[in-house]
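Here the structure is laid out as structure tokens; the discussion comes afterwards.
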Protein chains: 2
Amino acid sequence: MASRSDTKTRILDAAEKLFAERGFSETSLRLITSKAEVNLASVNYHFGSKKELIRAVLARYLDRFMPEASDELMLIKASGDPSLNDIFSSLVKPLLELNKFKVDGTSTFLQLLGRGYIESQGHLRWFITTHYGEHLNKFVKAVAESAPHIPPAEMFWRLHFTLGTVVFTMASADALTEIAQADFNEHYDIEAVIRKVIPYLAAGVAVPVSTQ
Amino acid sequence: MASRSDTKTRILDAAEKLFAERGFSETSLRLITSKAEVNLASVNYHFGSKKELIRAVLARYLDRFMPEASDELMLIKASGDPSLNDIFSSLVKPLLELNKFKVDGTSTFLQLLGRGYIESQGHLRWFITTHYGEHLNKFVKAVAESAPHIPPAEMFWRLHFTLGTVVFTMASADALTEIAQADFNEHYDIEAVIRKVIPYLAAGVAVPVSTQ
DNA sequence: CTCTGATTTAAACATGCGTTTAAATTAAAC
DNA sequence: GTTTAATTTAAACGCATGTTTAAATCAGAG
């Protein structure tokens, strides 16, 4: 029974790498199966369709990340009223944990998330809210409690601005770090980018609503 | 000679609408030409290829927007030292002017920009910086002068965070306004979203750099 | 009117895609 | 060792895509 899970894993590993690099629709099953060194038909045999393969790739990360993010959030809420910076920062450890599961796991996950939100025309949003809605609600509630001066409708928009910042930044993180390294002669890894974006997000979410 | 420019314009009009709604690679030439009620081959005849059609669609907007945005920036710089909010807000008028050129011009342009940045794998970034670099540099310089406490490398990242926020928000603006209308019973048009995002961006760009 | 170049048209082309099929192979159960 | 089910394989299918072709049509100039 080694072969079965081996083929499935080889497909998932090759697929997530290519999906993160080039996007979903730009990655053909032929490219995935050739990189994975498995037969073309095995994707449909093991996963049913390309769509379900995409879901499986995302779910493998989300199943690891979401519960741990929830736990971290609980932890920092237990030790007093966390700031927005604290709340966003609580995601860093669960994100970096993904590197222990796979090489470049963190950046792969974030890039997949970015690609997914952008490409799937709302389907990933639905998938995440239906499968991980409880975790998400906890997070949204924590943010809202930490910025009580922002009305719900305003917070809705700001959280989506935040999602956009993260998703776009991560989907183009490779290109950006390349440019930044060339222009400023500094080294950036995914953690450095995450730590740079958090204060930006926290400031935007909490800025007082304009009264004019 | 009415026919020539007529066909070109019909193609551009149909293409920009479909590109904005569904993305570039998800929009086939057959769909474009059928909506435009022109022959399939006329795209290749008038534009050469699908890639050049995409460029033409974007350029039609950028050629209108960029000079006017530059002019507006000059104007507000002439009347004293503008704040970050002022600088970002100076883009609103040129953006809304696009509605006079075409129905839904503003949102179409912003959605195209979002799609382009996301889909084109860095190609749009190159196209814009090479064709409209002078305008862009003026804008970046104005932002930097208005937030002198932010070092250049940090500003690089924050401006790209900003780009990400705008681009993602605009690419999914239709979905977001729909959700917001359903959940909060408020009406949102593109101008309302623009005016909501500006304070968020300005706060993020200007937030003091963490010293820890 | 006639000729010439520009434009439009219908058809075909070549390619790449996701998926399906049926036979070959492998591994596990008895 | 034989049987049975799971897996792998090579091939083909059907379809959609961007592009090209060559003939038909059109508009303007002489």
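Sequence lines set the chain letters: A, B, ... in the order given, protein chains first and strands last, and positions in each chain run from 1.
- Mapping Glu37(A) and Gly48(B) onto DNA chain D via the closest heavy atom, the residue that lands nearer the 5' end is Glu37(A).
- Atom CZ in Arg22(A) sits about 9 Å away from atom P in dC17(C), given to the nearest Å.
- Every residue two or more places apart in sequence or in another chain that forms a side chain to side chain donor-acceptor pair (under 3.5 Å) with Arg60(B) is listed here: Asp13(B), Glu16(B).
- For the pair Ser28(B) and dT17(D), the criterion of a side-chain N or O lying under 4.0 Å from OP1 or OP2 is met.
- In this model, the phosphate group of dG18(C) is not approached by any side-chain N or O of Ser49(A) to a distance below 4.0 Å at OP1 or OP2.
- Taking atom CG of residue Leu40(B) and atom P of nucleotide dA14(C), one finds them 17 Å apart after rounding to whole Å.
- Here Thr27(B) lies in heavy-atom contact (under 4.0 Å) with sugar-phosphate atoms only.
- Remark: Lys50(B) engages no residue in a salt bridge (Lys or Arg N to Asp or Glu O under 4.0 Å) (not counting sequence neighbours).
- Glu26(B) has its CD atom 14 Å from the P atom of dC17(C), to the nearest Å.
- Residue Ala41(B) places its side chain closer to dT9(C) than to any other of dT19(D), dT9(C), dT8(D).
- The CG-P distance, from Leu29(B) to dT17(D), rounds to 9 Å in whole Å.
- Computed from coordinates, the Leu31(A) CG to dC17(C) C1' distance equals 13 Å when rounded to whole Å.
- For Arg30(B) against dG18(D), a side-chain N or O and a base N or O form a donor-acceptor pair under 3.5 Å.
- For dT8(D), one of the phosphate oxygens OP1 or OP2 lies less than 4.0 angstrom from a side-chain nitrogen or oxygen of Thr7(A).
- Put simply, His46(A) has no side-chain N or O that comes within less than 4.0 Å of OP1 or OP2 on dA6(D).
- A cation-pi arrangement is found for Arg64(B) relative to Phe101(B), the charged atom lying closer than 6.0 Å to the ring centre and inside a 45° cone about the ring normal.
- With salt bridges taken as basic N to acidic carboxylate O contacts below 4.0 Å, none links Lys93(A) and Glu97(A).
- Atom pair Arg10(B):CZ and dT8(C):P shows a separation of 11 Å (rounding to whole Å applied).
- With DNA chain D read from its 5' end, the first of the two nearest nucleotides for Asn39(A) and Asn44(B) is the one closest to Asn39(A).
- The Tyr45(A) side chain lies nearest to dT7(D) when the options are dT20(D), dG18(C), dT7(D).
- Taking the charged nitrogens against the carboxylate oxygens, Glu134(B) and Lys138(B) have no contact shorter than 4.0 Å, which rules out a salt bridge.
- When rounded to the nearest whole Å, the span between NZ of Lys51(A) and C1' of dC17(C) equals 15 Å.
- For the pair Phe24(A) CZ and dG18(C) C1', the interatomic distance rounds to 17 Å; values are reported in whole Å.
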